[in-house]
Trainee: 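Can you keep this structure in mind? I'll have questions shortly.
Because the structure is a prediction, the values reported are computed rather than measured.
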Amino acid sequence: MSTVSLDQKLALAKRCSREATLAGAKAAAVATVASAIPTLASVRMLPWAKANINPTGQALIISTVAGMAYFIAADKKILSLARWHSFENAPEHLKNTSYQGTGRPHPAFFRP
């Protein structure tokens, strides 16, 4: 098992957080467009929405969706990178993820 210096760990953490930020920003941009179109269209076409959703409510709907998308995508990216790096640094005997089974032969229709 190799030792990693503190500087290397900090550089890796900075790179991972940058990747997560970019992933979150991309997801927020897509979510903004995906929520703005139906929100603005419904306010123009539906009488209930026209009467009850003012511009502040429209902005709140769109920004809430964008914020949720940002944090969900960033969190997923951070977790996937952490999983990947923990697998890279794991000892060799833990990297073997193949399932050996119970040793019984497979029935003919399950054989590879």
Trainee: Side-chain contact test, heavy atoms from C-beta onward, threshold under 4.5 Å: evaluate it for Thr32 versus Val65 and give yes or no.
Mentor: no

Trainee: Testing the basics here: between Ala49 and Ser42, what is the closest heavy-atom pair and its distance to 0.1 Å?
Mentor: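 Closest approach of Ala49 to Ser42: CB-O, 3.4 Å.
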
Trainee: Tell me the closest heavy-atom pair linking Val43 and Lys50, and the distance in Å.
Mentor: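 Looking at all heavy atoms of both residues, the closest pair is O-CB, 3.4 Å.
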
Trainee: Could I get the full list of side chain to side chain contact (heavy atoms under 4.5 Å, CB included) partners for Ser17, not counting sequence neighbours?
Mentor: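 Side chain to side chain contact (heavy atoms under 4.5 Å, CB included) list for Ser17, sorted by chain: empty.
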
Trainee: When rounded to the nearest 0.5 angstrom, what distance separates CG in Leu10 from OG in Ser5?
Mentor: 8.5 Å

Trainee: Could you state the interatomic distance from OG1 (Thr21) to NZ (Lys77), rounded to the nearest 0.5 Å?
Mentor: 11.5 Å

Trainee: Give, for atom CG of Leu79 and atom SG of Cys16, the distance between the pair rounded to the nearest 0.5 Å.
Mentor: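 These two atoms lie 11.5 Å from each other.
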
Trainee: To the nearest 0.5 Å, tell me how far Leu81 CG sits from Leu12 CG.
Mentor: 8.0 Å

Trainee: Which heavy-atom pair separates Ala28 from Tyr70 by the least distance, and what is that distance?
Mentor: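 Minimum heavy-atom contact is CB-CB, 4.0 Å.
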
Trainee: Over all heavy atoms of both residues, which pair between Ala31 and Ala66 is shortest? Give the atoms and the distance, please.
Mentor: CB-CA, 4.3 Å

Trainee: Could you state whether Trp48 and Met45 fall into the same hydrophobic cluster, counting links through intermediate Ile, Leu, Val, Met, Phe, Trp or Tyr residues with side-chain heavy atoms under 4.5 angstrom apart?
Mentor: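 Hydrophobic grouping puts Trp48 apart from Met45.
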
Trainee: For the residue pair Ala20 and Ile78, what are the closest heavy atoms and their distance?
Mentor: CB-CG1, 3.5 Å

Trainee: Quick one: CD1 on Ile61 to OG1 on Thr39, what's the gap to the nearest 0.5 Å?
Mentor: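 If we round to the nearest 0.5 Å, Ile61:CD1 and Thr39:OG1 are 5.0 Å apart.
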
Trainee: I need the Leu46 CG to Asn52 CG distance, nearest 0.5 Å.
Mentor: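 Between Leu46 CG and Asn52 CG, I get 11.0 Å after rounding to 0.5 Å.
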
